[in-house]
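These notes are about the structure you will find just below.
Throughout, numbering of the chain's residues begins at 1 and tracks the sequence.
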Amino acid sequence: MHPLGEPMQHLHLLTRMGKALGVDLTEAFHRGEISAEDWAGMITSCRGCDAPEGCRRWLDAQERARGAPSAVLPLGQCSNAARLLHLRDGSR
């Protein structure tokens with residue numbers, strides 16, 4: 001186990017991952033789809049990741065492509081992927 005990462009960096013990563021997957025976490029919060037506790041838990045989960053550089057590289061590639069997320073999404077590595085996809089798919 002390693003120390004938790006810096007909170008603001010992981011908030012930024014989580015927000016970027018949500019955006020890449022079509023989820024606006026701020027809107028989800030305002031609509032009541034996630035609570036403050038849910039959001040804090042997702043950030044803490046992200047902070048516990050031991051490979052945030054993989055997400056950063058993937059997110060950078062998505063932003064450069066400006067298209068739909070690639071099939072090489074590091075879902076198996078992202079502890080919040082299932083929750084983000086649920087938020088995305090539940091709002092459609």
Of the non-hydrogen atoms in H10 and P52, which two are nearest, and what is the gap between them?
CE1-CB, 3.9 Å
Point-to-point distance, once rounded to the nearest 0.5 Å, from SG of C55 to CZ of R16:
9.5 Å
Separation between CG of D24 and CZ of R31, rounded to the nearest 0.5 Å:
7.0 Å
Please report the interatomic distance CD1(I43) to CD(Q9), rounded to the nearest 0.5 Å.
13.0 Å
dist L59:CG -> L13:CG (nearest 0.5 Å) comes out at 6.5 Å
Minimal heavy-atom distance between C46 and S79, with the atoms involved, is N-OG, 4.0 Å
Non-hydrogen side-chain atoms of T26 and T15 separated by less than 4.5 Å:
no
Do you know the tightest heavy-atom contact between R83 and E33?
NH2-O, 3.4 Å
Less than 4.5 Å apart, any side-chain heavy atom of L87 and any of L25?
yes
For R47 versus G5, what's the shortest heavy-atom pair and its separation?
NE-O, 2.5 Å
For the CD atom of E6 and the NE2 atom of H12, what is their distance to the nearest 0.5 Å?
11.5 Å
Under 3.5 Å, side chain of S45 to main-chain N/O of G41, donor-acceptor pair present?
no
N/O donor-acceptor pair under 3.5 Å between D60 side chain and R57 backbone:
no
Side-chain contact, heavy-atom cut-off 4.5 Å: L21 with Q62?
no
If you compare all heavy atoms of A20 against all heavy atoms of W58, which two are closest, and at what distance to 0.1 Å?
CB-CZ3, 3.8 Å
Are M17 and N80 packed together at the side-chain level, in the sense that at least one heavy-atom pair is separated by less than 4.5 angstrom?
no
Between the OG1 atom in T44 and the CG atom in L11, the distance rounded to the nearest 0.5 Å is 11.0 Å
